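Down below is the structure, laid out as structure tokens.
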Amino acid sequence: ANMPLDELPHVIERTGSQAVVLSGSVKMDTESFKTGLQHLRRNNIPVFIGGRVAEDYHDVIDAAGAIPLHEDLFTTLRIIGSELPLTQQP
């Protein structure tokens with residue numbers, strides 16, 4: 001869905017999300033993107049960014065404290081798995 005980054009913190013709080021994984025492909029204003037990612041990081045959960053945006057804005061994502069993902073699926077899964085705690089289902 002095309003949800004603005006500034007609307008996600010409310011969703012994260014309401015749902016109790018343990019992480020956010022986003023993917024994007026459009027060009028955007030670098031400062032707005034960085035600010036939006038920094039607001040997401042205030043929830044103290046990992047924020048993963050994939051897609052073309054991860055390639056084009058790798059340094060911005062990293063500077064904002066988010067985690068850029070690789071285009072290779074197995075590498076991406078390994079990155080996400082290394083950041084999230086394992087939980088057992090009851």
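The model shown is predicted, which means the values in this text are computed figures rather than measured ones.
- Across Leu84 and Pro46, no two heavy atoms sit closer than the pair CD2-CG, 4.0 Å.
- The minimum heavy-atom distance between Val20 and Ile45, with the atom names listed, is CG2-CD1, 3.8 Å.
- Looking only at distances, a side-chain donor or acceptor of Tyr57 sits under 3.5 Å from a matching main-chain atom of Met28.
- A side chain to side chain contact (heavy atoms under 4.5 Å, CB included) with Ile49 is found for exactly one of Asp62, Leu69, Leu37, namely Leu37.
- Val21 and Ile79 fall within the same hydrophobic cluster, defined by Ile, Leu, Val, Met, Phe, Trp and Tyr side-chain heavy atoms under 4.5 Å apart, directly or through other members.
- Nearest heavy-atom pair, Ala54 versus Ile61, reported as atom, atom and distance to 0.1 Å: CA-CD1, 3.7 Å.
- Residue Ser25 comes nearest to Val53 through the heavy atom pair N-CG2, 3.6 Å, listed as atom of the first residue, atom of the second, then distance.
- A distance of 8.5 Å separates CD in Glu55 from NE2 in His70, rounded to the nearest 0.5 Å.
- With sequence neighbours left out, Thr35 forms a side chain to side chain donor-acceptor pair (under 3.5 Å) with no residue at all.
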Could you list the donor-acceptor pairs under 3.5 angstrom formed by side chains in residues 3-14, with sequence neighbours left out?
none

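- Contacts classified as salt bridge (charged side-chain N to carboxylate O under 4.0 Å, His left out) and involving residues 23-48 (residues at least two apart or in different chains) are given here: Lys27-Asp56.
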